[in-house]
Amino acid sequence: MSVLRRAKTWEISESEGSDAETKQIVTVSTDLTEDQSSDHKCKTLPSSSPTKTETCLTSAALSPRPPDGGCTPSPARKRRTKEEVEADRQANRERKEARERQRAARAREKEERRREQQERREAAEKLKSLRPESCLRCLTVCIDAALLQHDGSDILLATLASFELRFSIESQQLPHSITWTRDLPQQGEDGKGSVEEEQVVLVLGLTDFMDMVISVKKMLDSDGEDTGMGSFLSPVLERLNRDAKKVTLLVTDSLPDYRTDGCGVHLPDETLQSKLGMENLDTEEVLVYLQLCKNISLVFLDGWQEVTNHVCAVTKSLSKRPFKLLTEREELPFCVDGSWASGVRVERDGSGLIQVWSRQIQQLNRVSPAVASTVTAAYPSPQLLLQAYQSLGSEEDRKGLLAGLLVKSGGKERRVGPEISARVYRCFTSQNPQLVLD
């Protein structure tokens, strides 16, 4: 039985007088039997007998290995066929394409997230710019230079400056007019940095107003056309025919007393009527014609202080307009007018959804808040109500599902009734958008 022996280390050194005095370490692994080990034993020989050392190494290296030795020759490497090589290449290509697709998908997801974040940021900035305090800084009051010739116009400029409102003095298309422009930063790249508001205010003196009223009265008496208008009203009508503007005529004079009719239109008093040389009926006829036929409003004011107050009020109203338009465009048909016009706030944890669900039921005619609260208490969500409808077998049972609910209002109890129950059922289950619920 063969015994494995540990590898022996042979040290072969040069002569003692050699300058290099290097030592070589040769490891020889022998797999010898007990009988052969005695013949091949080699000891460390002194450096003076190199011949015997070489003989011992040669005999150990050239000695045949036993047939039952521990080391076996490695098997021959199998040569791959052309089909296998091509299959490996195809698999590598598929793995590479899969990695490329994953990389492209990750890049697309990253780009989509970045674009969504950019859109949310832009939407937030746009919403912030539509707030009244932000819009007020974007408005510019454009005053015609001819108005500065009026006594008291410095009151308007001083008031605008005190409120830190932007204003500019430039010639307008309509003489003695005041207009408003709004800056639009989001459209600056298209070359449209501002837009003109549709509100136009004309400040008239008593003489100009008298000429206009006389011209209108003559035209109405003769049943003629606009050709009979005075020189002052003609450019106003031309501007109205060309642009959709809302014109307000501010007639100012030093007279302090004015009266207001039932419709809220300021009318001159008898002294002003005597100056105009017309009766009360004639004045009202001219005002009605300008307001109804030409969409021109007239307001009689006492001095430039009231003119200034009117201009500041219009400026403040224009600053609130964009945010109100944005609120009105929300697709929430159950948002009714009233004290909660600002809407119901829904928190991240879901609080507030029950109020939204109640408001949605109140959009139906003759559905009071008490009835809506009763329905939402029985079915806290629209999904639960729809599931209740689906669990019933007949159409009549579905229509009368809510009829038996008790409504407590003002210390009295009553039932929802079959009519309201049927309307709620048709509202939430009908597929016809043109269906009339009542």
Side-chain angles (χ1 to χ4, degrees), residues 109 112-113 115-132 320-438:
E109 293 177 358
E112 290 178 358
R113 288 195 300 267
R115 185 170 59 253
E116 291 176 358
Q117 292 177 357
Q118 182 67 20
E119 291 176 356
R120 288 196 297 267
R121 191 180 302 109
E122 292 177 356
E125 292 177 356
K126 183 178 179 181
L127 182 60
K128 184 179 180 180
S129 64
L130 292 179
R131 293 177 179 176
K320 297 179 180 180
R321 187 176 183 183
F323 192 79
K324 290 184 177 180
L325 292 177
L326 180 64
T327 306
E328 294 175 357
R329 283 198 299 265
E330 294 292 337
E331 297 181 358
L332 298 176
F334 51 89
C335 290
V336 297
D337 296 334
S339 60
W340 76 288
S342 59
V344 177
R345 182 178 181 85
V346 180
E347 303 294 342
R348 293 182 178 272
D349 57 354
S351 58
L353 289 175
I354 190 67
Q355 287 83 2
V356 175
W357 170 223
S358 178
R359 301 295 183 179
Q360 186 175 3
I361 298 178
Q362 292 182 43
Q363 67 177 328
L364 301 176
N365 293 333
R366 298 184 300 279
V367 175
S368 61
V371 174
S373 300
T374 302
V375 175
T376 55
Y379 302 96
S381 69
Q383 187 66 27
L384 294 177
L385 181 59
L386 293 177
Q387 291 176 0
Y389 284 140
Q390 294 173 1
S391 63
L392 298 178
S394 63
E395 188 77 10
E396 295 298 329
D397 293 340
R398 297 190 188 100
K399 289 183 179 179
L401 176 63
L402 306 177
L405 297 179
L406 292 177
V407 180
K408 296 181 180 180
S409 177
K412 299 181 180 180
E413 291 186 357
R414 62 183 180 88
R415 299 189 182 275
V416 174
E419 182 183 356
I420 295 179
S421 178
R423 281 195 286 126
V424 173
Y425 169 72
R426 288 194 297 268
C427 177
F428 288 97
T429 60
S430 176
Q431 302 295 327
N432 182 14
Q434 305 298 331
L435 178 65
V436 179
L437 298 178
D438 291 338

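Worth saying up front: this structure is predicted, and the values here are computed from it rather than measured.
Atom OG of S421 is separated from atom CG of L401 by 6.0 Å, given to the nearest 0.5 angstrom. Once rounded to the nearest 0.5 Å, the distance linking CD1 of I354 with OG1 of T376 reads 4.5 Å. Between E119 atom CD and E112 atom CD the span is 10.5 Å, to the nearest 0.5 Å.
The stretch residues 371-394 participates, sequence neighbours left out, in these ring pair (Phe, Tyr, Trp, His ring centres under 6.0 Å) pairs: Y389-Y425.
S430 places no side-chain N or O within 3.5 Å of a backbone atom of C427 that could act as its donor or acceptor partner. At distances below 3.5 Å, at least one donor-acceptor pair connects side-chain atoms of Q363 with backbone N or O atoms of Q360. Under a 3.5 Å cut-off, the side chain of S373 and the backbone N or O of P369 do form a donor-acceptor pair. Side-chain atoms of R415 never come within 3.5 Å of backbone atoms of L406 as a donor-acceptor pair (strictly under, hydrogens ignored). Counting only distance, with no hydrogens or angles, the side chain of R423 and the backbone of L364 share no donor-acceptor pair below 3.5 Å.
Of all heavy-atom pairs between S351 and D349, the closest is OG-OD1, 2.9 Å.
Side-chain contact between Q390 and R398 is absent, with no heavy-atom pair separated by less than 4.5 Å. Residues P380 and W357 have side chains not in contact (no heavy-atom distance under 4.5 Å, counting atoms from C-beta outward). Contact annotation: the side chain of V375 approaches that of L402 to within less than 4.5 Å [non-hydrogen atoms, C-beta and beyond]. Residues R321 and L130 have side chains not in contact (no heavy-atom distance under 4.5 Å, counting atoms from C-beta outward). Looking at heavy atoms from C-beta onward, E395 lies in side-chain contact with K399 at the 4.5 angstrom threshold. Counting heavy atoms from C-beta outward, L385 and V424 have side chains that approach closer than 4.5 Å.
Between K128 and E125, none of the side-chain N atoms (NZ, or NE/NH1/NH2) sits under 4.0 Å from a carboxylate O, so this pair counts as no salt bridge.
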(message) Go through it in stages, so that I can follow the logic: the residues are Q118 and R115, the test is side chain to side chain donor-acceptor pair (under 3.5 Å), and I'd like the CA-CA distance, side-chain angles, deciding distance and then a yes or no.
(response) CA-CA 5 Å; Q118 182 67 20; R115 185 170 59 253; over 6 Å; no
(request) Apply side chain to side chain contact (heavy atoms under 4.5 Å, CB included) to the pair R366 and E419, showing each step before the final yes or no. (result) CA-CA 10 Å; R366 298 184 300 279; E419 182 183 356; 3.1 Å; yes
